[in-house]
Amino acid sequence: MPIKTKRITILGSTGSIGKNTLDLVARTPDMFKVEAITANRDVNTLAQQAQEFKPKLAVIGDKSLYKELKLQLKGTAIECAAGSEGLKEAGARPSELVMAAIVGAAGLTPTLEAVRRGATIALANKECLVSAGEIFTREVIENRATLLPVDSEHSAIYQVFDFDQVERIERIILTASGGPLRTFSLEKMRKVTPEEAVAHPNWKMGAKISVDSATMMNKGLELIEAYYLFPVKKSAIDILVHPQSVIHSLVEYVDGSVLAQMGTPDMRTPIAFALAWPKRMSAPSPRLDLNKIGQLTFENPDESRFPALRMARESLDAGASAPTILNAANEIAVRKFLDGEIGFLDICQIVEQTLEKVDNISINSLEDVFSMDKIARHTAERLG
Ligand code: NAD
Ligand code: MG
């Protein structure tokens, strides 16, 4: 049977998820045609990717690098654009599939452009769903877009979640590695450097999500992400620490069956699942050797050392703008930590104080999301 080529846009092509996506695209040249790629500041990698994959459009977020991009792509037929308008344009270009792999709420606008033209969205950018869950999912439904999770836990759940028997699902269980500081005392955590915090034991990821894994805010964001992706009650989403990252998540049914998806910790597996959906494609991820692993272990998360989990749960329960505030404050606090302005434990302190200071108001539009995001960022900037 002939393979139908899908046009693919990669928002955030120079990041960890973006590069893994292009790695799969390069291995299956008959399956994909790259429509557009984007980066924030890494103009060299963007230009090199453009030379290799020949998209119609390459966009650099930072406008001051536009000239450099043009220069590097001189003599090619590749169109160049820059700034927030350029990023929006990338989302709007006609492609069947969009990999949303920009980090943070910055990915919201370009991803929504793709949603509004009814594209299939492979969503890595969880901050989109945390910051604007109601609005984002409403737009997906109204525009008949398709939303596929890329986050490994949500991909796992998606693969074993029977959408035709939602009422027969009792619980979903998100697994968490526990991050690089799983066994650290609070005293030890206080002195953690950015280098230590980004050194994840199982996954190689961008700096922001690596710090989120160290604070376990990543799992908190994933809790909120799960609520918007799967039709289950807030109280039916549990978190379980599983340091080996072999079971990527679980779904429990009313008959007591618990279904899991497993694999080695390589993002090319969940990315491949989203790229090929509803079919499967091959991915070069190392194969799972359970005999070699020998033992899988589990423990409950410790909210006293990882308060991000409690804050995320409370924000989800409170609803309205609380998740938007949580996400924005966390983005600022993580940036401050990575820049050496604050200590590791200050990250969650800043998030907590921002949640206390900023009033939780109802969210009725995208403008409300942007406005609350801005207020929370401004508040968090002045803390710590
Ligand atoms: P990364 O930092 O490696 O890459 C981020 C990408 O976004 C880069 O291409 C960068 O140029 C672009 N970008 C950053 N700021 C931007 C801005 N303001 N405007 C436009 N573009 C911008 O991050 P990553 O690890 O690839 O993660 C990307 C997203 O995927 C995050 O939301 C993360 O939570 C999610 N995710 C990542 C992994 C992983 O294994 N890396 C796993 C699950 C989910
Ligand atoms: Mg994850």
Side-chain angles (χ1 to χ4, degrees), residues 9-23 36-47 49 58-63 65 69 81-91 99-111 121-131 148-158 174-179 198 200 202-213 216-226 229 239 242 245 247-249 261 263 265-271 273-274 285 327 330-331 334-335 338 373 377:
T9 294
I10 301 153
L11 303 172
S13 63
T14 58
S16 160
I17 294 288
K19 284 179 180 165
N20 275 318
T21 304
L22 284 174
D23 177 78
I37 56 176
T38 81
N40 193 30
R41 279 198 274 266
D42 187 354
V43 69
N44 293 333
T45 305
L46 182 71
Q49 290 177 335
V59 181
I60 189 83
D62 185 335
K63 277 187 173 164
L65 295 165
L69 181 65
S84 51
E85 283 310 307
L87 293 169
K88 258 177 99 168
E89 174 63 21
M99 169 55 73
I102 290 175
V103 59
L108 186 54
T109 303
T111 307
I121 314 293
L123 189 78
N125 180 209
K126 65 193 87 184
E127 294 93 344
C128 265
L129 270 188
V130 175
S131 184
L148 300 171
V150 169
D151 217 345
S152 57
E153 297 76 4
H154 306 74
S155 175
I157 295 168
Y158 196 90
L174 289 170
T175 51
S177 69
V198 299
H200 197 281
N202 304 343
W203 300 94
K204 261 189 78 203
M205 312 178 284
K208 193 261 177 182
I209 183 175
S210 296
V211 175
D212 284 347
S213 298
M216 287 194 81
M217 181 60 87
N218 182 50
K219 212 49 55 179
L221 300 178
E222 290 184 358
L223 169 79
I224 301 173
E225 180 187 16
L229 285 171
I239 293 169
H242 165 43
S245 300
I247 294 182
H248 296 309
S249 279
Q261 184 265 359
D266 185 322
M267 283 308 291
R268 289 175 299 183
T269 295
I271 294 171
F273 178 81
S285 321
N327 178 67
N330 182 57
E331 285 192 31
V334 170
R335 204 264 307 139
L338 285 171
D373 177 270
R377 277 171 206 268

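Residue numbers start at 1 and run along the sequence shown. Counting starts at 1 for both ligands and their atoms, in listed order. Only a predicted model underlies this, so the values are computations on that prediction, with no experimental measurement involved.
Distance check: T109 OG1 to K88 NZ gives 7.0 Å after rounding to the nearest 0.5 Å. S210 contributes atom OG, which lies 10.5 Å from atom NZ of K208 (distance to the nearest 0.5 angstrom).
Remark: the T14 side chain and the D42 side chain contain no N/O donor-acceptor pair separated by less than 3.5 Å. Side-chain polar atoms of N40 and D62 form no donor-acceptor pair below 3.5 angstrom.
Distance from atom 36 (N) of ligand 1 to its nearest protein heavy atom, with residue and atom name: I209 CD1, 3.6 Å. At the top of the distance list for atom 34 (O) of ligand 1, counting protein heavy atoms only, stands K126 CE, 3.2 Å. When hydrogens are left out, the protein atom nearest atom 23 (O) of ligand 1 is G206 CA, 3.9 Å; that is the closest non-hydrogen contact. Given atom 29 (C) of ligand 1, the protein heavy atom at minimum distance is I102 O, 3.8 Å. The nearest heavy-atom contact from the protein to atom 4 (O) of ligand 1 is G15 CA, 3.1 Å. The protein atom (non-hydrogen) at minimum distance from atom 19 (N) of ligand 1 is N40 OD1, 3.6 Å. Looking only at protein heavy atoms, the nearest one to atom 14 (C) of ligand 1 is V103 CG1, 3.6 Å. Protein heavy atom closest to atom 43 (C) of ligand 1, with residue, atom name and distance, is D151 OD1, 3.0 Å.
Ligand-side atoms of ligand 1 in range of A106: 17 (C), 18 (N), 19 (N), range being under 4.0 angstrom from any heavy atom. Each of the atoms 30 (O), 32 (O), 35 (C), 36 (N), 44 (C) of ligand 1 lies under 4.0 Å from some heavy atom of A124. Interface of I17 with ligand 1, defined as ligand atoms under 4.0 Å from a residue heavy atom, comprises 26 (O), 30 (O), 37 (C), 38 (C), 39 (C), 40 (O), 41 (N), 42 (C).
Between L11 and L87, every side-chain heavy-atom pair lies at or beyond the 4.5 Å cut-off.
Only the backbone of A101 comes within contact range of ligand 1, with a heavy atom under 4.0 Å; no side-chain atom does. Only the side chain of E127 comes within contact range of ligand 1, with a heavy atom under 4.0 Å; no backbone atom does. In L87, the part holding a heavy atom less than 4.0 Å from any atom of ligand 1 is the side chain. Only the side chain of M267 comes within 4.0 Å of ligand 1, counting heavy atoms alone; its backbone N, CA, C and O stay farther away.
Every heavy atom of G61 sits 4.0 Å or more from the atoms of ligand 1. Residue D42 places every heavy atom at 4.0 Å or more from ligand 1.
Although no hydrogens or angles enter the test, the distance criterion places a donor-acceptor pair under 3.5 Å between the side chain of N125 and the main chain of G104. A distance-only check finds a donor-acceptor pair linking the side chain of T21 to the backbone of I17 [under 3.5 Å]. Here the side chain of T175 pairs a donor or acceptor atom with the backbone of I247 at under 3.5 angstrom. At least one donor-acceptor pair under 3.5 Å links the side chain of D266 to the backbone N or O of R268.
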Point to revise | Derivation of the side-chain hydrogen bond (donor to acceptor under 3.5 Å, both in side chains) call for H154 and S249 | key: CA-CA 7 Å; H154 306 74; S249 279; over 6 Å; no

Practice item. Apply the test side chain to side chain contact (heavy atoms under 4.5 Å, CB included) to residues I102 and L108: give CA-CA distance (whole Å), side-chain angles for both, the deciding distance (0.1 Å), then the verdict. Key: CA-CA 9 Å; I102 290 175; L108 186 54; over 6 Å; no

**Study point:** Residue pair T269, S285: steps toward the side-chain hydrogen bond (donor to acceptor under 3.5 Å, both in side chains) verdict
**Key:** CA-CA 6 Å; T269 295; S285 321; 2.8 Å; yes

Check your understanding: Taking it one step at a time, do S13 and K19 satisfy side chain to side chain contact (heavy atoms under 4.5 Å, CB included)?
Key -> CA-CA 6 Å; S13 63; K19 284 179 180 165; over 6 Å; no

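Checking only distances, G104 never comes within under 3.5 Å of ligand 1, N or O to N or O. Residue contacts with ligand 1: S16 is placed with a nitrogen or oxygen under 3.5 Å of a nitrogen or oxygen of the ligand (distance criterion only). The shortest N or O to N or O distance between A207 and ligand 1 is not under 3.5 Å. Considering backbone and side-chain N/O atoms, T14 comes within less than 3.5 Å of an N/O atom of ligand 1.
The N, O or S atom of E222 with the smallest distance to the Mg ion (ligand 2) is OE2.
Expressed to the nearest 10°, the angle at the Mg ion (ligand 2) joining OE1 in E153 with OD1 in D151 is 100°.
Under the ring pair (Phe, Tyr, Trp, His ring centres under 6.0 Å) criterion, H248 pairs with W203, sequence neighbours left out.
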